[in-house]
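Reading through the structure tokens given below for one structure.
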Amino acid sequence: MRAKTKAIPAEDAACRILAAVRAIPKGQVAGYGEVARRAGLPGRARLVARLLGSNDDVRLPWHRVLRSDGRIAFPEGSEGYREQSARLREEGVVVERGRVRGLRATASLDDQLWGPMAG
DNA sequence: TTTGTGACCTAGG
DNA sequence: CCCTAGGCCACAA
């Protein structure tokens with residue numbers, strides 16, 4: 001067996017991830033890694049990102065998925081960035097400086113010092 | 001085959 | 001806030 005042990009077939013993984021994304025309630029958000037965990041695929045945030053990128057389902061609420069620190073994953077000013085911000089605001093989510101508040105509480109001492117004011 | 005890339009993450013400094 | 005290090009992995013060169 002030269003192949004590595006792939007616990008979960010790609011097809012199932014994709015299915016679970018999409019389900020996890022669809023399960024995010026309107027007006028709420030989740031990080032890529034968090035979605036992966038909910039899908040039973042811890043550590044596979046990149047797969048989530050890749051799936052959203054290649055997704056073609058218009059009903060999929062991809063805009064509710066952010067980076068773990070609450071920031072939008074697209075480069076600032078890009079089309080995806082604006083699109084996602086707009087969609088989130090339409091659901092009542094507060095997006096400011098490309099980031100959603102309240103996703104991750106400041107953890108490290110360093111982060112507390114460099115909090116919202118210092119930026 | 002190896003290397004580089006990317007809508008990423010966590011733990012640290 | 002800025003960085004580095006290591007993990008993750010499908011995909012294209």
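Naming convention: chains lettered A, B, ... in sequence-line order (proteins, then strands); numbering from 1 in each chain.
Distance CD (A:Glu11) to C1' (C:dA10): 16 Å, rounded to an integer number of Å. With rounding to whole Å, A:Asp110 atom CG is found 8 Å from C:dC1 atom C1'. Protein atom CG of A:Asp69 is 13 Å distant from nucleotide atom C1' of C:dC2, rounded to whole Å. Here the P atom of nucleotide C:dC3 and the CH2 atom of A:Trp114 are 12 Å apart, to the nearest Å. Rounded to an integer number of Å, the gap from CG of A:Leu41 to P of B:dC8 is 17 Å. Atom CG of A:Leu51 and atom C1' of B:dA7 are 12 Å apart (whole Å). In this entry the distance linking CZ of A:Arg44 with P of B:dT10 reads 16 Å, nearest Å. Put simply, CG on A:Leu60 is 13 Å from C1' on B:dA7, counting in whole angstrom units.
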Criterion side-chain contact (heavy atoms from CB on, under 4.5 Å) on A:Phe74 and A:Glu79, from CA distance to verdict: CA-CA 8 Å; A:Phe74 292 105; A:Glu79 197 174 308; over 6 Å; no

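Salt-bridge annotation for A:Arg87 and A:Glu91: absent, with no side-chain N of the basic residue lying under 4.0 Å from a carboxylate O of the acidic one. Using a 4.0 Å cut-off between a side-chain N of Lys or Arg and a carboxylate O of Asp or Glu, A:Arg97 and A:Glu76 do not qualify as a salt bridge.
Here the straight-line distance linking atom CG of A:Asp57 with atom CG of A:Leu52 works out to 11.0 Å at 0.5 Å rounding.
Evaluation of A:Tyr32 against the base of B:dC8 yields no stacking contact (centre distance < 5.5 Å, interplanar angle < 30° required).
Taking only side-chain nitrogens and oxygens, A:Ser68 comes nearer than 4.0 Å to OP1 or OP2 of B:dT10.
Across C:dC1, B:dA7, B:dC8, the shortest atom-to-atom separation from the side chain of A:Phe74 is found for B:dA7.
Along DNA chain B, the nucleotide closest to A:Arg67 and the one closest to A:Arg50 are compared, and the more 5′ of them pairs with A:Arg50.
Counting any heavy atom pair closer than 4.0 Å across all strands shown, A:Arg99 reaches sugar-phosphate atoms only and no base atom. Using a 4.0 Å heavy-atom distance criterion, A:Gly43 is classed as a sugar-phosphate-only contact. In this structure, A:Arg46 reaches the bases: a heavy-atom distance under 4.0 Å links it to at least one base atom across the strands shown.
Of all heavy-atom pairs between A:Ser85 and A:Ile72, the closest is OG-CD1, 3.3 Å.
Taking the C1' atom of each, C:dC3 and B:dA7 are spaced 22 Å apart, rounded to whole Å.
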